[in-house]
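Here the structure is a predicted model, which means the values were calculated and not measured.
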Amino acid sequence: MFKKAQISAQTHLYRSGEPFKTGAVILDLSKVNFQDSPRIPYFEIETNDKETNLIYKMQKDDVVYGLGETLGALNKRGKIYQFYATDDPLHTPDKKALYGSHPFMILDGEKSFGLFIDYPSEIIFDIGFTHKDYIKITIFSKDLDIYLFECDEKLTIIKEYFALTGKPYIPPKWAFGFQQSRWSYFSEEEVRYVANKYRELDIPLDVIYTDIDYMDGYKVFTINRETFPNYEGMVKDLAQKGIKVIPIIDPGVKIEEGYHVYEEGKMNGYFCVDKNREDFVAAVWPGLTHFPDFLNSDVRKWWGRQYKIFTDMGIKGVWNDMNEPSIFYTPTRVQKLFESLEKAKVEENELGQKLSLIQEAIKNIPNNREDYKSFYHKLDDGTLINHDLVHNLYGLKMTEAASEALKTLLPNERPLLLSRSSYPGLHRMASIWMGDNMSWWEHMLVNIRLLQSLNMMGFFYTGADIGGFGGDASPELVIRWMQLGVFNPFYRNHAALNTRPQEPWQFDEESLNIMRDTVRLRYALLPYTYSEYMNSVKESEPFIKPLSFVFDGKKEKDIEDQFMYGNSLMVAPVHEQNKKGRYVYLPDVKWLNWTATKFEERNMTVYKPGDYYIEAELSQIPLFIKENNLLVLTEPMNYVGEKEITELWIVGLVTSQAVYTYYDDDGLTYNFAKGEFGHLKIEILKESNDFKVQVEKEDPKNMIKVNKIHFEIYDESGNVVKKDMII
């Protein structure tokens, strides 16, 4: 059944049938030599006409990592996961599927390996749920590619996966600043007020989003000129304050005569069609819509040209949403509901029984699988393919359209490009956020786990809606989430319609002050964050890592609410209500406790490995600098690029020798790929009661403007030496 090809020394491809070319893999497989393979190592294979099953017997201590955007523990044992992209706004623990499909897993045990299944429709991973000792993976097809990574090292498996699917997306440097959004700011006046309020209160900010209400009747690529009479002027004025405006874009095109996007798509046959080859009809925000056929390259080019309305205004990024694609209803589904209601005309004593049937019928209206099976894509070669067979690619292909267009519309500029739905490969052109979370403490833990699992998939630049999207948030929850958000590369406060506003000034004065200090800490960390991010991409190593990816102890595999942010800093966020501290496990080495929010106030204590209760008042975040590693900071600013970074603060616990390479480039272009970047190599050597400091600069393009470095170096006893150096 399977054919086998060797991709690298540690990666093998097992192919069955004629797989659909998803675009996930960057390698040219057309010249790969296949040989018949009776089996796939590690797995028992079961097949029939409708499905392929891979079965693996786990050992007691095996840990399963990966699977990207899925709910549940970081260790994926004990649950069923469904990969079929869905718009589900209620992320409760029982949910099996979310917006993205990331069928890449790592088994860490006596036998360790990685597995990536390149198949664009439904896959079920039953990882010790039906039977606690067995993995059963069900692919509902015989046409698929399976990549097996045979390696004992988790980080090496991830490197091999990135070699196969591409290195992670690099956003502009300003995208690491703080971002504010709401569904919705209903007018230009509101957006300007929010921008001015941030500057008035001295809270750093780089981005404001406009959600769906900036549009004219929710029609994509339009502006409501009654509420946003001078959208382009607003963009220009906010840019003068250092604030970028990012608009949301949905795929659904309203069916309306005279509307240019609809008319162009209709005339050129650019929409998905039904079984009669008529344009498929579904309802989303504008009402009845058509869906662009993004699997067709001509449609992607046409769609990409539409973004020019925004780039001409000076907009530097796009927020793609609703691209699973989300379906509120179809006329067919509504008709079936009316038929159910007609049948429900019964006597009063039967009402309870019938009411449950009606409720079930209503619940099944949005995002119904039968609706996804009822429309088709026209591929470049003219063949039709049922959407259900390629469902998980829709968000990827919409984002590909935007990515390719922005390369032309914003030549040599890095855009901020987000998508809600995703598939492997999207990580090299854009990134994702974690969707419609809730203002629940439990969703802070979801945020922490997803940060780690999505980084394994290559989505380094990711994060959750700070404070929670749905529901009303308390000031304490927003503060603690803002603190966690400092260590989300994508750092955005976003809330839903009819929920309590979450901007920092919406609460009491103390909360406002804490939130301001928290955001300022994020900006103080910018040199470290950017250096570590760029180095992680270069080395194909996750930017955010579980402790078990860095330390070998057994206990680290059980810890899911602490993580490494870069190589120097361990973060242990407080994520429970009313807590004034938390228990923390410090593995393997000594750690410098920097439990603080204010950049200016640091209270350092050295800890040996072990378990500790760390006090953390509402204004404090438990942070730990790893022994013989360094943290690099600067003075906070109002927005990224407001001023050049001329001074650095270096903080660390050095017991022998520590080396840190500070990286910088222009932060805006792709010129770094041509060698236009600079390095400062900072080396600290412990000598009795003092430290020897050496700094080497490699900066042929004069990218680094640092001329002064402040050192704050601790020894194992907690003694500190402070030095300044002019360079």
Would you check if the side chain of Asp724 reaches a backbone N or O of His710 as a donor-acceptor pair within less than 3.5 Å? no
Considering all heavy atoms, the nearest Pro424-Ser101 contact: CD-O, 3.1 Å
Quick one: are the ring centres of Tyr147 and Phe116 less than 6.0 Å apart? yes
Tell me yes or no: between the side chains of Lys590 and Thr655, is some donor less than 3.5 Å from an acceptor? no
For a quick check under 3.5 Å, do Glu413 and Thr669 share a side-chain donor-acceptor pair by atom type? no
Identify whether the distance between the nearest side-chain nitrogen and carboxylate oxygen of Arg492 and Asp465 falls below 4.0 Å. yes
If you take the centroid of each ring, where Trp contributes its six-membered ring, are Tyr209 and Trp319 closer together than 6.0 Å? yes
Check whether any side-chain N or O of Asn412 sits under 3.5 Å from a backbone N or O of Tyr670 as a donor-acceptor pair, and report yes or no. yes
Spell out, as yes or no, whether a donor-acceptor pair under 3.5 Å connects the side chain of Gln562 to the backbone of Ala572. no
Side chain of Lys545, backbone of Pro542: donor and acceptor closer than 3.5 Å? yes
Assess the side chains of Asn488 and Asn447: does a donor N or O sit below 3.5 Å from an acceptor N or O? yes
Does one side chain, of Glu712 or Tyr714, offer a donor that lies under 3.5 Å from an acceptor on the other? yes
Any salt bridge between Arg449 and Glu560, counting N to O under 4.0 Å? yes
So which heavy atom on Lys697 is nearest to which on Asp699, and how close? CE-OD2, 3.6 Å
Backbone N/O of Val245 and side chain of Lys316: donor-acceptor pair under 3.5 Å: no
In terms of heavy-atom contacts, Leu238 and Ile208 come closest through CD2-CD1, 4.2 Å
Between Phe176 and Tyr533, ring centroids under 6.0 Å: yes
So, the side chain of Lys643 versus the backbone of Val640: is there a donor-acceptor pair under 3.5 Å, distance only? no
Step by step, work out the side chain to side chain contact (heavy atoms under 4.5 Å, CB included) result for Tyr613 and Val584. CA-CA 6 Å; Tyr613 181 81; Val584 172; over 6 Å; no
Taking the six-membered ring for Trp and the single ring otherwise, decide whether the centroids of Tyr612 and Tyr607 are under 6.0 Å apart. yes
Do Tyr65 and Ser548 meet the criterion of a side-chain donor-acceptor pair at a distance under 3.5 Å? yes
Salt bridge flag under 4.0 Å for residues Lys557 and Asp108: yes
Between Lys686 and Ser688 (side chain of the first, backbone of the second, donor and acceptor by atom type, cut-off under 3.5 Å), is there such a pair? yes
Nearest non-hydrogen partners of Ser568 and Asn629, listed with the distance: OG-CB, 3.5 Å
Might you work through the side chain to side chain donor-acceptor pair (under 3.5 Å) test for Asn535 and Thr661, ending with a clear yes or no? CA-CA 9 Å; Asn535 189 60; Thr661 301; over 6 Å; no
Do the rings of Tyr528 and Tyr565 sit parallel, tilted or perpendicular, given the 30° and 60° boundaries? tilted
Could you tell me whether the side chains of Tyr423 and Asp118 share a donor-acceptor contact shorter than 3.5 Å? yes
Determine yes or no for a side-chain-to-main-chain donor-acceptor pair under 3.5 angstrom, with Gln620 supplying the side chain and Glu617 the backbone. yes
Just checking, is any N or O donor in the side chain of Asp561 or Tyr583 under 3.5 Å from an acceptor N or O on the other one? no
Neighbour count above 12 (heavy atom, 6.0 Å) for Glu642 CD: yes
Minimum-distance pair of heavy atoms, taken over all atoms of Met434 and Ala464: SD-CB, 3.6 Å
Distance alone, cut at 3.5 Å: any donor-acceptor contact between the side chains of Tyr660 and Glu532? yes
Could you check whether the rings of His679 and Phe677 sit parallel, tilted or perpendicular, using 30° and 60° as the cut-offs? tilted
So Tyr161 and His427, would you call those rings parallel, tilted or perpendicular, with 30° and 60° as cut-offs? parallel
Full working for side chain to side chain contact (heavy atoms under 4.5 Å, CB included) between Ile432 and Leu426: CA-CA 9 Å; Ile432 60 176; Leu426 188 144; 4.1 Å; yes
OG/Ser717 to CG/Leu653 distance, rounded to the nearest 0.5 angstrom? 10.0 Å
What distance do Lys111 atom NZ and Asp152 atom CG have between them, rounded to the nearest 0.5 Å? 11.5 Å
Note: Ser422 and His102 closest approach over all heavy atoms is OG-NE2, 2.8 Å
For a quick check under 3.5 Å, do Thr11 and Glu160 share a side-chain donor-acceptor pair by atom type? yes
Compute both the distance and the angle, then confirm whether Lys167 meets the cation-pi test with Phe162: under 6.0 Å from the six-membered ring centre, within 45 degrees of the axis. no
Is Arg480 reaching over with its side chain to a backbone N or O of His575, donor-acceptor style, under 3.5 angstrom? no
I'd like to know if the side chain of Ser419 pairs up with that of Tyr99 as donor and acceptor (distance under 3.5 Å, no hydrogens or angles considered). no
Cation-aromatic face contact Lys723/Phe711, 6.0 Å, 45 degrees: no
Mind checking whether Tyr530 and Tyr663 have parallel, tilted or perpendicular rings, split at 30° and 60°? tilted
Within the distance-only criterion (no hydrogens, no angle test), does the side chain of Gln483 pair as donor or acceptor with the backbone N or O of Leu618 below 3.5 angstrom? yes
Quick one: which of Leu484, Val486, Asp206, Val207 gives a side-chain contact (heavy atoms from CB on, under 4.5 Å) with Tyr491? Val486
Do the charged groups of Asp665 and Lys173 touch, with an N to O distance under 4.0 Å? no
